[in-house]
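In what follows, a structure is listed as structure tokens, so that the remarks can point back to it.
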Amino acid sequence: MSIEEMKELAPKKEVMFWNVHEICQMEGFWFLAHLMESMVAFRSDFQPRSEDVLITSFPKTGTTWLMALCHNILHRHDNREEDDILTRMNLHEVVPTLDVFFLTDQVQNLLLNSGGGRLLHTHLPYTCLPESVRNSGCKIVHVTRNPKDTLVSMWHFFNKVLKRDPTATGPFPMEGAVESFCTGVLPWGPFHENVVSYWEESKKRPDEVLFLKYEDMCRDPKKEVRKLASFLGKPFPPTSVNGGVDEEVEKVLWRSSLGRLRELEVNKNNVVSELTQISNSSYFRKGTVGDWKNYLTPQMAERVDQLTQLKLQGTGLSL
Ligand code: A3P
């Protein structure tokens, strides 16, 4: 299908919450029209390597944290602070989102010039990944999050980064955000179908597809980071080897922490990323589990919960 044909499928009426951005549907999912060209190129031209690690996520589910954890696990023996590229570059430049930035010179250079396995990211659902990736044997790590917290995090993020109608005042109405989330008409949506596509694949191929939850990572970060490191083929030594001290694990967690990353000069004061054109600071907010309670009415929460229950029925996944 051509990009023009895909755009033809765009909703005819303005979609609340996204009314300044045209979005269109492909293979059951919605995508920002202005990113279609890059996504189509990624799907047809990307050449994966079996050593690549592909992080996958629906937006606002903990992508940046997972990028940091994977990067810091893979580079945990670079000990000098000045060797840490994260002090100079935002994570979204270090780990590019391929469906969004595939056609940029920066990403093309990175793909061509990095030796060995590369750490990459996409928001595409599993079913929309390039065929080449699905057959490459590269490792896929997916992170997801409670749907209500995802929705609220998205609302904050898009209030910061999306262009608005110049006559509009105040934030986007939350009602519109909930409507958009629940109808699934939002970029990379519907949320539940996107997440379930990875959940199902992780059950079929647990050695190649790891499925993580933001809440588990908050509750027991050491356990989750050990699991992640083993999956990536870089296991941490057992605790007993260090005399009970998880020094290496703690260092990775600290290097990847919201508190540390937010305070790095490169991520402070609205520095705009050359690649994303989004201020680096907008990726870091509170990182609190259950923050939705401060923003959603009981009716809104009930609507999202009912939808989640319906969509996850029979999958064995709970969110
Ligand atoms: P909140 O908006 O709830 O604070 P993504 O990285 O997928 O865009 O997700 C963004 C969410 O992850 C935001 O949640 C953000 O604050 C949180 N986040 C970003 N970096 C993090 C980190 N290093 N550790 C934990 N949470 C992080």
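Note that the coordinates shown come from a computational prediction; the quantities given were computed from them, not determined experimentally. Just follow the structure's listing: the first ligand is 1, and inside any ligand the first atom is 1.
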Protein contact to [atom] [nearest heavy atom, distance to 0.1 Å]:
| atom | answer |
| --- | --- |
| atom 26 (N) of ligand 1 | Tyr214 OH, 2.7 Å |
| atom 6 (O) of ligand 1 | Thr64 OG1, 2.5 Å |
| atom 13 (C) of ligand 1 | Ser153 OG, 3.6 Å |
| atom 21 (C) of ligand 1 | Leu258 CD1, 3.7 Å |
| atom 7 (O) of ligand 1 | Thr63 OG1, 2.6 Å |
| atom 16 (O) of ligand 1 | Arg285 N, 2.8 Å |
| atom 15 (C) of ligand 1 | Tyr283 O, 3.5 Å |
| atom 20 (N) of ligand 1 | Phe284 CD2, 3.5 Å |

Sub-3.5 Å N/O-N/O distance, [X] and ligand 1:
| X | result |
| --- | --- |
| Leu261 | no |
| Pro59 | no |
| Phe58 | no |
| Ser256 | yes |

(request) Apply the side-chain contact (heavy atoms from CB on, under 4.5 Å) test between Val195 and each candidate in Val143, Thr144, Thr61; give the one that qualifies. (result) Thr144
(request) Answer yes or no on whether Arg76 is positioned over the face of Phe236, meaning its NZ or CZ is under 6.0 Å from the six-membered ring centre and within 45° of the axis. (result) yes
(message) I need the minimum non-hydrogen distance between His92 and Leu275, along with the two atoms involved.
(response) O-CD2, 3.6 Å
(message) Taking only non-hydrogen atoms of Asp291, do any sit less than 4.0 angstrom from ligand 1?
(response) no
(message) Any atom of ligand 1 sitting under 4.0 Å from a heavy atom of Ser257?
(response) yes
Run the ring-centre check on [X] versus [Y] and record whether the distance is less than 6.0 Å.
| X | Y | answer |
| --- | --- | --- |
| Trp155 | Tyr295 | yes |
| Tyr214 | Trp65 | yes |
| Phe211 | Tyr198 | no |
| Phe58 | Trp188 | no |
| Phe158 | Phe172 | no |

(request) Find out if a path of hydrophobic residues (ILVMFWY) with successive side-chain heavy-atom gaps under 4.5 Å connects Leu32 to Phe101. (result) yes
(message) Taking Lys251 first and then Glu248, would you say they form a salt bridge - that is, a charged N and a carboxylate O separated by under 4.0 Å?
(response) no
(request) Check whether any side-chain heavy atom of Val304 sits under 4.5 Å from a side-chain heavy atom of Leu151, and report yes or no. (result) yes
(request) Name the option, out of Lys60, Arg145, His92, that contains the heavy atom nearest to atom 14 (O) of ligand 1. (result) Arg145
(message) Please work out, at 4.0 Å between heavy atoms, whether the side chain, the backbone, both, or neither of Phe157 comes within that distance of ligand 1.
(response) neither
(request) Would you mind telling me if ligand 1 is within reach of the side chain of Arg255, the backbone, both or neither, using heavy atoms under 4.0 Å? (result) neither
(request) Kindly indicate, with the supporting measurements, whether the criterion side-chain contact (heavy atoms from CB on, under 4.5 Å) is fulfilled by Thr64 and Phe284. (result) CA-CA 8 Å; Thr64 315; Phe284 307 100; 3.8 Å; yes
(request) Using a strict 4.0 Å cut-off to heavy atoms of Lys286, name the atoms of ligand 1 that fall inside it. (result) 4 (O), 16 (O)
(request) Under 4.0 Å from a heavy atom of Thr61: give me the atoms of ligand 1 that qualify, with their elements. (result) 7 (O), 9 (O)
